[in-house]
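What follows is a single structure, written as structure tokens, with notes after it.
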Amino acid sequence: WHLFVKRAFDIIFSGVALIILFPFFMVIAVLIKLESSGPVFFRQERLGLNGRKFMLYKFRTMVWDAEEKLEELRKHNEMSGPAFKMKNDPRLTKIGKYLRKFSLDEFPQLWNIFKGDMSLIGPRPPLPREVQNYDAWQRRRMSMKPGLSCLWQVGGRNKITDFNEWMKLDLEYIDNWSLLLDLKIFFKTIPVVIFGVGAK
């Protein structure tokens, strides 16, 4: 029943938030289109519960050909392991920097939560190419539905540059999961987003 409550909260919260935030989403969409060519939304294949593929949605924060430019920037990766994190990524647009700093680019994932691809709280959904390079023990992080926020998000976010430390936080969440833990992470997420803590 705990998982039932978790899913019920996900549906109610994401559904209400999508309705309330719709005018705000329209403003962000206009700002993105005014600054650069390309779609408003960035779609990317991610892996969810037990490795199930789904399409993740974000507001586009980079130039339209950002994926093609990734390889030439890999030498600047500040995160150990398969994930890519870079401070002052040159592919970011001006509005994109602000969207990233305050996690506004993640808001379209409320639709992913409403559909059931994700949960409000859970390990961040990885890219398939990242999972291909996981060690065996790291794959256990996909034993729970991915989330919009997690221990990594509230425990340092991009300040954590050790990929193994990130994975250990996810496994700590899975091993100690409870509705109370989700509630704690939810309330800790609010100041992190408002003040842009650990954002890149």
Side-chain angles (χ1 to χ4, degrees), residues 1-25 27-28 41-42 44 46-50 52 54-59 61 79 83 85 96 98-127 130 138 140-200:
W1 70 268
H2 290 265
L3 289 173
F4 175 80
V5 172
K6 181 179 174 71
R7 177 60 186 145
F9 181 78
D10 284 342
I11 294 173
I12 294 170
F13 182 89
S14 61
V16 172
L18 283 168
I19 294 171
I20 293 175
L21 294 174
F22 182 75
F24 184 55
F25 287 178
V27 172
I28 293 177
F41 296 104
F42 173 71
Q44 191 176 54
R46 297 291 182 102
L47 297 183
L49 180 63
N50 298 322
R52 185 177 68 85
F54 71 95
M55 194 62 67
L56 177 138
Y57 297 93
K58 289 185 177 187
F59 282 119
T61 58
M79 172 73 74
K85 300 291 180 183
Y98 288 100
L99 295 178
R100 283 280 188 94
K101 183 174 178 61
F102 300 104
S103 299
L104 300 178
D105 61 315
E106 309 280 2
F107 278 17
Q109 287 162 53
L110 289 167
W111 176 242
N112 287 117
I113 295 171
F114 188 77
K115 290 198 306 173
D117 299 323
M118 295 172 59
S119 180
L120 191 62
I121 307 296
R124 290 296 295 156
L127 291 162
E130 293 175 354
Q138 295 169 339
R140 192 162 67 85
R141 76 187 295 256
M142 292 187 294
S143 63
M144 197 158 195
K145 190 178 290 187
L148 187 61
S149 185
C150 57
L151 281 177
W152 169 76
Q153 190 89 3
V154 300
R157 204 172 170 186
N158 289 319
K159 289 182 179 179
I160 298 175
T161 58
D162 186 337
F163 185 73
N164 287 332
E165 185 180 348
W166 179 4
M167 296 300 99
K168 287 175 182 176
L169 284 173
D170 283 343
L171 295 183
E172 179 185 337
Y173 168 77
I174 292 170
D175 291 339
N176 297 284
W177 177 77
S178 68
L179 293 173
L180 181 59
L181 179 58
D182 274 8
L183 198 61
K184 287 179 179 178
I185 294 174
F186 175 79
F187 284 112
K188 284 184 178 180
T189 301
I190 296 173
V192 168
V193 170
I194 292 175
F195 297 108
V197 178
K200 286 186 181 179

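All values reported here derive from a predicted model rather than from experimental measurement. Numbering starts at 1 and runs along the sequence shown. FYI, side chains are in, hydrogens and waters are out, and symmetry mates aren't considered; it's all heavy atoms of this structure.
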* To do: Go through the structure and list residues passing side chain to side chain donor-acceptor pair (under 3.5 Å) with Gln44, not counting sequence neighbours.
  => Arg46

* To do: Indicate yes or no for a side-chain donor-acceptor contact from Lys188 to the backbone of Leu151 under 3.5 Å, with no hydrogens or angles considered.
  => no

* To do: Look only at the side chain of Asp105 and the backbone of Phe59, and say whether a donor-acceptor pair between them is shorter than 3.5 Å.
  => no

* Gap separating the CG atom of Leu169 from the CG atom of Asp162, nearest 0.5 angstrom -> 10.0 Å

* **Ser14: side-chain contact (heavy atoms from CB on, under 4.5 Å) partners, not counting sequence neighbours** => Leu110, Ile113, Phe114

* Structure fact -> Separation between CG (Leu120) and CD1 (Ile12), nearest 0.5 Å, reads 12.0 Å

* Using side-chain contact (heavy atoms from CB on, under 4.5 Å) as the criterion, list what pairs up with Ile190, not counting sequence neighbours. => Phe186, Phe187, Ile194

* **Exam field: side chain Arg141 to backbone Arg124, donor-acceptor pair closer than 3.5 Å** => yes

* **Side-chain touch Gln138/Asn164, heavy atoms, less than 4.5 angstrom** => yes

* Ion pair check, Asp117 and Arg52, cut-off under 4.0 Å -> yes

* Yes or no on side-chain contact (heavy atoms from CB on, under 4.5 Å) for Arg140 and Asp175, after CA distance, side-chain angles and deciding distance? -> CA-CA 10 Å; Arg140 192 162 67 85; Asp175 291 339; 2.8 Å; yes

* To do: Determine the minimum heavy-atom distance between Gly122 and Cys150, stating which atoms define it.
  => O-CB, 3.1 Å

* Flag the pair Pro108 / Phe41 as yes when at least one side-chain heavy-atom distance between them is below 4.5 Å, and no otherwise. => yes

* To do: Assess whether ring pair (Phe, Tyr, Trp, His ring centres under 6.0 Å) is satisfied between Trp166 and Phe163, documenting all intermediate values.
  => CA-CA 5 Å; Trp166 179 4; Phe163 185 73; 5.7 Å; yes

* **Gap separating the CG atom of Leu180 from the NE2 atom of His2, nearest 0.5 angstrom** => 11.0 Å

* Asked: Quick one: CE on Met142 to CD1 on Ile174, what's the gap to the nearest 0.5 Å?
  -> 10.0 Å

* To do: Under the side-chain contact (heavy atoms from CB on, under 4.5 Å) rule, what do Leu99 and Lys58 come out as? Steps first, then yes or no, please.
  => CA-CA 10 Å; Leu99 295 178; Lys58 289 185 177 187; over 6 Å; no

* Check whether any side-chain heavy atom of Met118 sits under 4.5 Å from a side-chain heavy atom of Leu56, and report yes or no. => yes

* At their closest point, which heavy atom of Gly147 faces which heavy atom of Pro125, and how far apart are they? -> O-CD, 3.8 Å

* Asked: Under the side-chain contact (heavy atoms from CB on, under 4.5 Å) criterion, do Phe42 and Thr61 qualify, and how do the steps go?
  -> CA-CA 8 Å; Phe42 173 71; Thr61 58; over 6 Å; no

* **Over 12 non-hydrogen atoms of neighbours within 6.0 angstrom of CH2 in Trp111** => no

* To do: Evaluate the side-chain proximity of Ile121 to Lys6: yes if any heavy-atom separation is below 4.5 Å, no if none is.
  => yes

* Rounded to the nearest 0.5 Å, how far does NZ of Lys184 lie from OG of Ser178? -> 7.0 Å

* To do: Can you measure from CZ (Phe54) to NZ (Lys145) and round to the nearest 0.5 angstrom?
  => 10.0 Å

* Check whether any side-chain heavy atom of Leu183 sits under 4.5 Å from a side-chain heavy atom of Phe9, and report yes or no. => no

* Asked: Between Gln109 and Leu148, what is the shortest heavy-atom contact and its length?
  -> OE1-CD1, 3.5 Å

* **N/O donor-acceptor pair under 3.5 Å between Asp170 side chain and Trp152 backbone** => no

